Amino acid sequence: MVRLEFDRLFREEYPKLVALGMSVTGDREVARELAQETMLRAHSNWSALETYENPRAWLRRVMSNLAIDHYRSRGTERVALERLRPAVAEAPPPSPVPPDTAWAELMAPLTPLQRVIATLYYAEDRSVLEIAAELD
C-alpha cells in the first residue's frame, strides 16, 4: 500500500473535489466549502485513511455524499420558502451564481447521484466498476 502524506493528497485532490461539487451543486463557493469539509474529515481520520489502498476513493465518496446532501437540503429549503412566501413579505432571494460552463447545463436535468456518476465517469475518467465500488 502506498502511504500518502496529507499535504500531497490535499494538493492533488482538492481541485478535483471542487469540480465534483460544482457538477452537483452548480455553485463554486458551495463546492469549495464541501471540498474543505471533505478534507477536514480526511485530516481527522488520517491515521486510518493513510492505510487505505485508495484514500482518493474515500474522499470522492465523502464529497459525493456531502454534495448530494446539500443538493437535497436546498430542495427542502425551496419548498419551505414557497410555503412561507404568502405569509411572509420579503425581498426575493438572490439568484444562485450562474454556472460558468456548459457542463453545468448538461448536468442540470440529472439527479444529484447521476451528476456524481457522470462527473466521475466523464471528468475523472473512472471506470464503471470503480464508480460502482466507490458509491456502493
Side-chain angles (χ1 to χ4, degrees):
M1 277 187 244
V2 177
R3 294 178 68 86
L4 297 173
E5 296 177 18
F6 181 80
D7 301 7
R8 191 171 111 221
L9 182 72
F10 183 91
R11 282 191 305 277
E12 292 172 1
E13 295 302 314
Y14 179 79
K16 295 175 186 176
L17 293 174
V18 172
L20 178 59
M22 275 287 299
S23 74
V24 177
T25 67
D27 185 325
R28 183 174 307 281
E29 289 309 310
V30 169
R32 287 179 180 154
E33 288 175 22
L34 296 176
Q36 288 172 6
E37 177 62 26
T38 299
M39 295 309 294
L40 281 172
R41 291 181 184 193
H43 190 268
S44 296
N45 295 301
W46 185 246
S47 60
L49 189 60
E50 71 177 335
T51 64
Y52 289 5
E53 185 175 329
N54 190 357
R56 288 170 173 84
W58 184 91
L59 290 173
R60 285 189 298 275
R61 177 69 182 260
V62 170
M63 180 65 180
S64 298
N65 290 341
L66 289 172
I68 289 169
D69 288 348
H70 173 79
Y71 184 86
R72 287 179 181 156
S73 70
R74 293 293 297 157
T76 303
E77 288 174 17
R78 280 191 294 274
V79 169
L81 285 174
E82 287 300 319
R83 234 181 295 147
L84 292 174
R85 190 171 314 277
V88 179
E90 63 180 56
S95 60
V97 176
D100 4 12
T101 65
W103 180 256
E105 290 176 20
L106 291 172
M107 302 300 271
L110 302 177
T111 67
L113 182 57
Q114 289 171 332
R115 291 176 186 195
V116 168
I117 292 167
T119 301
L120 293 175
Y121 185 79
Y122 292 108
E124 293 196 13
D125 204 26
R126 304 272 176 230
S127 72
V128 171
L129 290 174
E130 286 176 310
I131 295 167
E134 288 176 20
L135 299 179
D136 263 347

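As the structure is a prediction and not an experimental result, all values here were calculated from the model.
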Discussion item. Restricting to non-hydrogen atoms, name the atom on Ala35 and the atom on Leu17 that form the minimum distance, rounded to 0.1 Å.
Written reply: CB-CB, 3.8 Å
Worksheet entry | Where Leu34 and Ala67 come nearest, the two heavy atoms and their spacing | CD1-CA, 3.6 Å
Worksheet item: Are Ile131 and Leu129 joined in one hydrophobic group, where the rule is that I, L, V, M, F, W and Y side chains link up if heavy atoms are under 4.5 Å apart?
Response: no
Practice prompt. Can you sort out the partners of Glu37 under side chain to side chain donor-acceptor pair (under 3.5 Å), two or more places apart, ordered by chain and number?
Written response: Arg41
Worksheet item: Charged N to carboxylate O under 4.0 angstrom, Glu29 versus Arg32?
Response: yes
Discussion item. Tell me if a side-chain donor or acceptor on Glu33 pairs with a main-chain N or O of Val30 at a distance below 3.5 Å.
Written reply: no
Worksheet item: Are the side chain of Asn45 and the backbone of Ala48 linked by a donor-acceptor contact shorter than 3.5 Å?
Response: no
Discussion item. Ignoring hydrogens, what is the shortest heavy-atom contact between Ala42 and Leu59? Give both atom names and the distance.
Written reply: CB-CD2, 3.6 Å
Fill in: Transitive ILVMFWY side-chain link Leu20 to Val128, under 4.5 Å
yes
Worksheet item: Looking at CG of Leu120 and OG of Ser64, how far apart are the two atoms once the value is rounded to the nearest 0.5 Å?
Response: 5.5 Å
Fill in: Pair listing, salt bridge (Lys or Arg N to Asp or Glu O under 4.0 Å) test, anchored in residues 111-123, at least two apart
none
Worksheet item: Can you name the closest pair of heavy atoms from Leu135 and Arg61 and give their distance?
Response: C-NH1, 3.5 Å
Fill in: Pairwise distance CE(Met63) to NE2(His70) - rounded to 0.5 angstrom
10.0 Å
Item to complete: Kindly give the heavy-atom pair with the smallest separation between Met39 and Phe6, and that separation in Å.
Response: O-CZ, 3.6 Å
Worksheet entry | Arg60 bridged to Glu134 by N-O distance under 4.0 Å | yes
Practice prompt. Could you grab the distance from atom CD of Glu5 to atom CZ of Arg11, nearest 0.5 Å is fine?
Written response: 8.0 Å
Practice prompt. Of all the heavy-atom pairs spanning Trp58 and Tyr52, show the shortest one and how long it is.
Written response: CD1-CE2, 3.6 Å
Worksheet item: Quick one: side chain to side chain donor-acceptor pair (under 3.5 Å) partners of Ser23, sequence neighbours excluded?
Response: Thr119
Worksheet item: Do Trp46 and Leu9 have side-chain heavy atoms sitting under 4.5 Å apart?
Response: yes
Practice prompt. Find the distance between CZ (Arg8) and CD (Glu13) and round it off to the nearest 0.5 Å.
Written response: 10.0 Å
